[in-house]
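One-based numbering, in listed order, for ligands and for the atoms of each.
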Amino acid sequence: MLLITRRSKLLRIIAVICIILPLLYLLFVRHERKRLSNYQAAEYNQQWVKPFLSDGPGNYEPQDLKPRIGPGENGQKHILRSDQKNAAQDSESEFGMNIACSDEISLDRSIVDTRDPECKRWNYPTKLPSTSVIIVFHNEGWSVLLRTVHSVLNRSPEHSLTEVLLVDDFSDKPHLGKKLEDYIESLDSRVRLIRNKQREGLIRTRSRGAQEAKGEIIVFLDAHCEVNLNWLPPLLAPIMRDRRTMTVPIIDGIDHNNFEYRPVYTYGHYFRGIFEWGMLYKENELGYKELSKQEYPTEPYKSPTHAGGLFAIDRNYFLEIGAYDPGLLVWGGENFELSFKIWQCGGSIEWVPCSRVGHVYRGFMPYNFGKLAKKKKGPLITINYKRVIETWFDDKYKQYFYTREPLAQFLDMGDISEQLALKEKLQCKSFDWFMKEVAYDVFDKFPELPPNLHWGELRSAANDRCFDTSGNGPPALMSLHYCHGLGNNQLIRLNEKGQLGVGERCIEADNQGIKLAFCRLGTVDGPWDYDEINKTLYHRVYQKCIALHPQTGHLSLMPCDNNNTYQQWIFKQIRPNYR
Ligand code: LR7
Ligand code: MN
């Protein structure tokens, strides 16, 4: 008897295990599948109503804005007195911008409305999703950081702005310590501050911000921005329509010296983000193909890439696609990583003409890359680019990057297997698809690069010195310096089509001499022939050779003379010691 009950108990347990566990497992799998294929509508999608134009002001247009008077008001420039020059210069060198000037301007200042007047007549969904505005910062000036926060609080719909999340990337300036905490405490309960325990760089810090954010939508801003009137609803509407859309405001400029707020683009002209093959960010004016899709010129339009700093995205979507590659360090390339990932894996990027945000373009970068950079061998930004192109480019396109940036082949980019696995899991399309369907206008400006015939230092047989840009921008005369191998000032490339390049620039000739010039857009051709035997660099149009002046050291074109060592140039590949 006892045995039977015991046995039946055992059977029951086994039965329970056999039925419940697989059931639980099935439920879990279904849930997981649903979560992963969670590209279906988000909650807020039900609130979606297509934006429409009305005759009068749209539903989020601010009413009765009171004129304000004071320094920098209405986005005007503010000029300091001459006895403040030192303070201005000190802050320029500490922050890359004139904080002394900014400090005299109200945190609530008014700015110019840079929008097309048509923007004032758009109506957006009445109920907007909850939004976290995330601002990451490292050692920013007090008044620029807080003016960013104030502008967001002042110019965002109350019901939609859940929080302004400040993420401190291990700043060490006293004003960003307790003083900041106290200020935030007294400001608005929606402003929240979290801090990194070590320097992470802006890329990882943004990913952390996304993790910690409470809103359905996250909007990233640099810590020196001012949002313009009615900036938020136009960014949210396209995401409400399709949660795999990332939206980007049109960026206005704030002068780093006098804080004048002004548009970057000529009125009525719209641009979109592209790139060149060395992975520098570029823009291209909107062409007929995109314009023809618009019913109104103020409607959002598709863009292959974005500058990086300012954008809105569904938080869950951002996390589902892996946020930023955590292997990208500190600064650079993350804008492309996110752009390629979004487009190739089923999403899209839209730039929004009616959303404008001002950004202070700094005079220079005032911070270093910290300990993270010291662990890496070689230039960090190029390492980031290499990770991105090795993950997202097809082989054919990878070659263009290595042609334009030959030293990148020697860099250690770390392990990208997780990124490749993610690409597999999300069933992302090829880069070729992206280039043909989305970034089709890149080739108009930056055609496919033919291979280099030669690259490396270009040394004179006469005095053993090397071609050098001296760090100048074009137009500038090229000169010769001690050959030092390192850096890009002496890295010269000659491609199969006769173009001589240094970085993104070209070497050309006119009657003043041999010059660093802007490469002509839309062509990879050049006038140069290298004679491997006589070591001369021949200009096909002028039919002359590059010559070094024995006395002045000046570089110019001279009638060719094969026996003249002052016309002999030797290419030598540079092998950096990165490992
Ligand atoms: O280690 C760091 N940790 C940080 O938190 C370094 C920086 N930061 C913060 C910094 O305080 C700032 O708030 O990160 C933000 C961006 O740094 P910036 O302002 O020095 O960058 P940037 O404006 O020079 O550079 C652009 O490219 C970067 C590439 O990684 C980022 O994507 C920036 O956000 C981006 N800025 C813009 O896109 C604004 C428009 C400019 C253009 C075109
Ligand atoms: Mn910035």
Side-chain angles (χ1 to χ4, degrees), residues 94-97 99 133-142 144-149 152 164-173 175-176 180 193-196 198-210 219-227 246 248-256 263-265 271-275 279-284 303 305-313 324-325 328-339 349 351 355-374 379-385 387-388:
E94 186 174 354
F95 299 101
M97 58 182 88
I99 296 294
V133 173
I134 303 173
I135 301 167
V136 307
F137 65 95
H138 175 74
N139 283 345
E140 295 279 349
W142 173 266
V144 278
L145 171 65
L146 287 160
R147 192 172 300 109
T148 312
V149 177
V152 170
V164 179
L165 179 58
L166 296 170
V167 194
D168 174 16
D169 186 17
F170 209 58
S171 300
D172 53 16
K173 303 226 183 263
H175 66 261
L176 298 171
L180 181 63
L193 170 70
I194 57 177
R195 297 189 195 268
N196 287 345
Q198 58 174 30
R199 179 85 180 277
E200 298 287 359
L202 79 94
I203 304 173
R204 288 185 183 169
T205 308
R206 279 206 204 125
S207 291
R208 171 161 184 228
V219 182
F220 290 103
L221 296 180
D222 277 8
H224 32 256
C225 289
E226 287 170 73
V227 300
M246 157 182 165
V248 183
I250 303 300
I251 303 174
D252 290 322
I254 301 172
D255 191 288
H256 67 83
V264 172
Y265 308 101
F271 286 76
R272 59 186 213 149
I274 54 168
F275 54 88
M279 301 321 288
L280 297 177
Y281 174 74
K282 300 286 168 189
E283 291 181 354
N284 209 359
S303 172
T305 70
H306 69 292
L310 330 181
F311 64 93
I313 192 166
Y324 289 119
D325 165 7
L328 295 175
L329 295 182
V330 192
W331 193 103
E334 91 293 343
N335 55 330
F336 296 128
E337 194 244 347
L338 190 59
S339 302
I349 301 176
W351 283 28
S355 177
R356 318 264 314 209
V357 177
H359 169 262
V360 182
Y361 291 85
R362 300 189 211 247
F364 68 100
M365 196 182 257
Y367 49 81
N368 61 38
F369 285 178
K371 273 190 221 141
L372 282 172
K374 291 208 183 98
L380 197 88
I381 300 173
T382 319
I383 296 176
N384 284 353
Y385 294 161
R387 277 186 82 83
V388 175

Taking 4.0 Å as the limit for heavy-atom contacts, which would you say applies to F220 with ligand 1: side chain only, backbone only, both, or neither? neither
Report yes if the side chains of Q198 and K371 come closer than 4.5 Å at any heavy-atom pair, otherwise no. no
Numbered atoms and elements of ligand 1 in range of E140, under 4.0 angstrom, heavy atoms: 10 (C), 11 (O), 12 (C), 13 (O)
Using a 3.5 Å distance criterion without hydrogens, assess whether the side chain of N368 forms a donor-acceptor pair with backbone atoms of G370. yes
Tell me whether Y281 has any N or O atom under 3.5 angstrom from an N or O of ligand 1. no
Is E140 salt-bridged to K173, going by a charged N under 4.0 Å from an acidic O? no
Lys/Arg N to Asp/Glu carboxylate O, R387 vs E337, below 4.0 Å: no
Counting from 1 in the order shown, the ligand 1 atoms closer than 4.0 Å to a non-hydrogen atom of G332 are 29 (C), 30 (O)
Counting only nitrogen or oxygen atoms and a 3.5 angstrom limit, does A223 reach ligand 1? yes
Report yes if the side chains of L166 and L193 come closer than 4.5 Å at any heavy-atom pair, otherwise no. yes
At a 4.0 Å threshold, what atoms of ligand 1 neighbour a non-hydrogen atom of I251? 40 (C)
Please say whether H224 places an N or O atom under 3.5 Å from an N or O atom belonging to ligand 1. yes
Does ligand 1 have a heavy atom under 4.0 Å from the side chain of H359, from its backbone, from both, or from neither? side chain
Measure the acute angle between the ring planes of H306 and F311, then classify it against the limits of 30° and 60° as parallel, tilted or perpendicular. perpendicular
Could you tell me the residue and atom name of the protein heavy atom closest to atom 43 (C) of ligand 1, and the distance to it rounded to 0.1 Å? A307 CB, 3.5 Å
For R356, give me all partners under side-chain hydrogen bond (donor to acceptor under 3.5 Å, both in side chains), at least two apart in sequence or on another chain. T114, D252
V136, any N or O under 3.5 Å of ligand 1 N or O: yes
Which residue supplies the protein heavy atom nearest to atom 32 (O) of ligand 1, what is that atom called, and how far is it? E334 OE2, 2.4 Å
Option whose closest heavy atom lies nearest to atom 18 (P) of ligand 1, chosen from F364, Y324, F336, Y367: Y367
Which pair of non-hydrogen atoms, one from S207 and one from Y324, has the smallest distance, and what is that distance? OG-N, 3.4 Å
Counting heavy atoms only, which part of D169 comes closer than 4.0 Å to ligand 1: side chain, backbone, both or neither? side chain
I'd like to know whether ligand 1 has M365 as a neighbour, heavy-atom separation below 4.0 Å. no
Check whether any side-chain heavy atom of I254 lies under 4.5 Å from a side-chain heavy atom of E226, and answer yes or no. yes
Examine distances only and state if a side-chain atom of R208 and a backbone atom of V167 form a donor-acceptor pair shorter than 3.5 Å. no
So for R199, does at least one of its heavy atoms come nearer than 4.0 angstrom to any atom of ligand 1? yes
Report the nearest protein non-hydrogen atom to atom 35 (C) of ligand 1: residue, atom name, distance rounded to 0.1 Å. G309 N, 3.8 Å
Can you tell me how far the CZ atom of F220 sits from the CD1 atom of I135, to the nearest 0.5 Å? 11.5 Å
Side chain or backbone of R362 under 4.0 Å from ligand 1, or both, or neither, by non-hydrogen atoms? side chain
Which residue and non-hydrogen atom of the protein lie closest to atom 41 (C) of ligand 1, and at what distance in Å? Y361 CE2, 3.5 Å
Under 4.0 Å from any heavy atom of V330, which atoms of ligand 1 are there? 1 (O)
Does N335 have a heavy atom less than 4.0 Å from any atom of ligand 1? no
Looking at side-chain heavy atoms only, is the closest gap between I274 and Y281 below 4.5 Å? no
Looking only at protein heavy atoms, what sits closest to atom 16 (C) of ligand 1 is D222 OD1, 3.4 Å
Which distance, rounded to the nearest 0.5 Å, do you find between the NE2 of H138 and the CG of L202? 11.0 Å
Pair D168 + R199: basic N to acidic O under 4.0 Å: no
Residue, atom and distance of the protein heavy atom nearest atom 8 (N) of ligand 1 read L202 CB, 3.6 Å
Please determine if K282 forms a cation-pi arrangement with F271, meaning its NZ or CZ atom is less than 6.0 Å from the six-membered ring centre and no more than 45° off the ring axis. no
For ligand 1, is there an N or O atom under 3.5 Å from any N or O atom of R206? yes
Can you check whether L221 reaches V357 side chain to side chain, under 4.5 Å on heavy atoms? yes
Taking every non-hydrogen atom, the tightest pair across L329 and L380: O-CD2, 3.5 Å
the protein heavy atom lying closest to atom 22 (P) of ligand 1 turns out to be W331 NE1, 3.9 Å
Neighbouring protein N, O or S atoms of the Mn ion (ligand 2), below 2.8 Å: 3
Output the distance between atom CH2 (W351) and atom CD1 (I250), rounded to the nearest 0.5 Å. 6.0 Å
